[in-house]
Amino acid sequence: MQKITLTQPDDWHLHLRAGAALKDVVNFSAAQFRRAVVMPNLKPPVTTVRQALAYHAEIKDALQNPQDFEPLMALYLTESTHRDEIKRAAEHPCIHGFKLYPAGATTNSEAGIGSLQNIYPLLEIMERHDVPLMIHGEATDPHIDIFDRELAFIENSLFEIIERFPGLRIVLEHITTRHAAEFIRQAPAQIAATITAHHLLYNRNALFQGGLKPHFYCLPVLKREEHRLALLDAAASGERKFFLGTDSAPHPRHGKENACACAGCFTAHAAIELYATAFASVNKLDKLEQFASFNGPDFYGMPRNSSQVTLQKTEWEVPAGYTFGNDTLIPLEAGRVLTWKFDKTPQNSQ
Ligand code: NCD
Ligand code: ZN
């Protein structure tokens, strides 16, 4: 296959940051995706509708073609989120859900949830108003092995949330294990998951191959090969519960190449190409559109995109770095050759 055409995809999990960094990264996503759920883990976090609308305006301002890309805003859930904020979020067309970060689980999660019980009254309101909950599903107890934290969260917290709030729509974000994929498959219809391109392409060896490789460090951390294969099987299965969420998470080079490196892989420069590479590796390119363009909007109850995009089988070299404020951004696969190339101009089929 030399060329594939698909309905324009959306990214259901994206970090865009703010200020100069935002300006430097947002157009990579806008070039490929029609919409993206923008994560609220800024400093300070985006906890209110008012803040989300200001952030939405800042993103629109940073876009080269603002009419071509729609940021879908998510609010950061805290133990002190006001119940009225949930009602306001439910009513506002720009807001598409709340993000639950267990406190300490990942980058800028300090304001997240310490004890789940404390937010049960909030989850009840979200359930009542049909506001989706996006979850960073990792247990934070430092005694739990880092490779087991996703499973521990599913067993210790997610079962209970689903049992208590059976009507709550939940997206388990960036799943990384066979356990999570199996769990999502057998869970009720309102429970879904996003999967990143890097978790489909790499296992944990990438972190240590020939030395410590901080640009492969993200959270949840890469897992064993058996988990990568299970994720690839889920993503390319065509099942409606799995959809694209890049979790593209840019950090300045000095933050990544650091004795205390921050977590996050930047993939927006080649997002759909990386997914295509993963799907092609198992001869499932025919399932890419379902995963990248259909399952997400169907889950969120939004229309599928009407524009189409094309991927060509052409070799191109990923740049060694991009400008990122007054630092550099090292993209995933920097300096390596990719075999799929996105055609930058979506043709509107209408
Ligand atoms: C994300 C970031 O940098 O904001 N990092 C990451 O490793 N994925 C936060 C997150 O989604 O966990
Ligand atoms: Zn993320």
Side-chain angles (χ1 to χ4, degrees), residues 10-19 21-22 24-26 28-29 33 36-47 55 59 71-77 96-113 132-140 146-147 149-150 153 170-177 180 193-202 204 206-207 213-223 231 243-258 260-268 271 274 296 324-325 327 329-332:
D10 303 301
D11 184 351
W12 300 94
H13 185 127
L14 175 65
H15 298 270
L16 287 177
R17 315 305 187 203
L22 164 68
D24 286 331
V25 295
V26 67
F28 287 107
S29 296
F33 298 106
V37 173
V38 182
M39 289 297 135
N41 61 333
L42 302 185
K43 277 183 169 172
V46 180
T47 55
Y55 188 28
I59 296 166
L72 311 174
M73 309 312 290
L75 297 187
Y76 192 118
L77 190 65
H96 293 269
F98 275 83
K99 177 73 187 282
L100 189 170
Y101 291 100
T106 187
T107 309
N108 297 345
S109 63
E110 300 77 17
I113 306 305
L133 177 68
M134 305 156 204
I135 301 182
H136 183 112
E138 284 195 288
T140 50
I146 189 161
F147 294 102
R149 288 183 189 175
E150 188 171 83
F153 182 87
I170 295 174
V171 184
L172 189 57
E173 298 291 340
H174 41 52
I175 59 168
T176 60
T177 56
T194 54
I195 307 180
T196 78
H198 42 291
H199 288 99
L200 295 177
L201 286 168
Y202 313 108
R204 63 192 193 179
L207 280 161
K213 296 292 167 66
H215 296 292
F216 285 100
Y217 174 54
C218 64
L219 288 168
V221 75
L222 295 170
K223 304 294 193 300
L231 296 174
F243 44 87
L244 186 157
T246 62
D247 194 21
S248 177
H251 289 274
R253 180 178 197 162
H254 82 262
K256 294 289 293 175
E257 298 175 11
N258 188 298
C260 184
C262 21
C265 298
F266 179 69
T267 54
L274 293 169
F324 192 58
D327 206 309
L329 178 59
I330 308 295
L332 207 75

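Because the structure is a prediction, the values reported are computed rather than measured. Whatever order the structure lists them in is the order used to number ligands and atoms, beginning at 1.
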J.: With sequence neighbours excluded, what pairs up with Thr47 under the side chain to side chain donor-acceptor pair (under 3.5 Å) test?
T.: Gln51
J.: Only one of His198, His136, His15 forms a side chain to side chain donor-acceptor pair (under 3.5 Å) with Asp247, so which one is it?
T.: His15
J.: Roughly how far, to the nearest 0.5 Å, is OH of Tyr202 from CG of Leu274?
T.: 6.0 Å
J.: Do you know which two heavy atoms are closest between Asp11 and Gly245, and how far apart they sit?
T.: OD1-CA, 3.4 Å
J.: Measure the CE-NZ distance between Met134 and Lys99 for me, rounded to the nearest 0.5 Å.
T.: 8.5 Å
J.: Give a yes or no answer on whether the side chain of Thr140 reaches the backbone of Ala105 with a donor-acceptor pair at less than 3.5 Å.
T.: no
J.: Decide if the gap between the ring center of Phe266 and the ring center of Phe28 is smaller than 6.0 angstrom.
T.: yes
J.: So, with waters excluded, how many protein N/O/S atoms does the Zn ion (ligand 2) have closer than 2.8 Å?
T.: 3
J.: Put together the list of close N/O pairs, under 3.5 Å, between ligand 1 and the protein, could you?
T.:
{"residue": "ligand 1", "atom": "3 (O)", "partner": "Arg17", "partner atom": "NH2", "Å": "2.8"}
{"residue": "ligand 1", "atom": "3 (O)", "partner": "Thr107", "partner atom": "OG1", "Å": "3.3"}
{"residue": "ligand 1", "atom": "3 (O)", "partner": "His251", "partner atom": "NE2", "Å": "2.8"}
{"residue": "ligand 1", "atom": "3 (O)", "partner": "Ala263", "partner atom": "O", "Å": "3.1"}
{"residue": "ligand 1", "atom": "4 (O)", "partner": "His15", "partner atom": "ND1", "Å": "3.3"}
{"residue": "ligand 1", "atom": "4 (O)", "partner": "Arg17", "partner atom": "NH1", "Å": "2.9"}
{"residue": "ligand 1", "atom": "4 (O)", "partner": "Arg17", "partner atom": "NH2", "Å": "3.4"}
{"residue": "ligand 1", "atom": "4 (O)", "partner": "Asn41", "partner atom": "ND2", "Å": "2.7"}
{"residue": "ligand 1", "atom": "5 (N)", "partner": "Ala263", "partner atom": "O", "Å": "3.1"}
{"residue": "ligand 1", "atom": "7 (O)", "partner": "Leu219", "partner atom": "N", "Å": "2.7"}
{"residue": "ligand 1", "atom": "7 (O)", "partner": "Ala263", "partner atom": "O", "Å": "3.3"}
{"residue": "ligand 1", "atom": "7 (O)", "partner": "Gly264", "partner atom": "N", "Å": "3.2"}
{"residue": "ligand 1", "atom": "8 (N)", "partner": "Leu219", "partner atom": "O", "Å": "3.0"}
{"residue": "ligand 1", "atom": "8 (N)", "partner": "Asp247", "partner atom": "OD2", "Å": "2.7"}
{"residue": "ligand 1", "atom": "11 (O)", "partner": "His15", "partner atom": "NE2", "Å": "3.0"}
{"residue": "ligand 1", "atom": "11 (O)", "partner": "Asp247", "partner atom": "OD1", "Å": "3.2"}
{"residue": "ligand 1", "atom": "12 (O)", "partner": "Thr106", "partner atom": "OG1", "Å": "2.6"}
{"residue": "ligand 1", "atom": "12 (O)", "partner": "His136", "partner atom": "ND1", "Å": "3.3"}

J.: Name all residues meeting the side chain to side chain donor-acceptor pair (under 3.5 Å) criterion together with His251; count only those two or more places apart in sequence or in a different chain, and write none if there are none.
T.: Arg17
J.: Which distance, rounded to the nearest 0.5 Å, do you find between the SG of Cys218 and the CG of Leu207?
T.: 7.5 Å
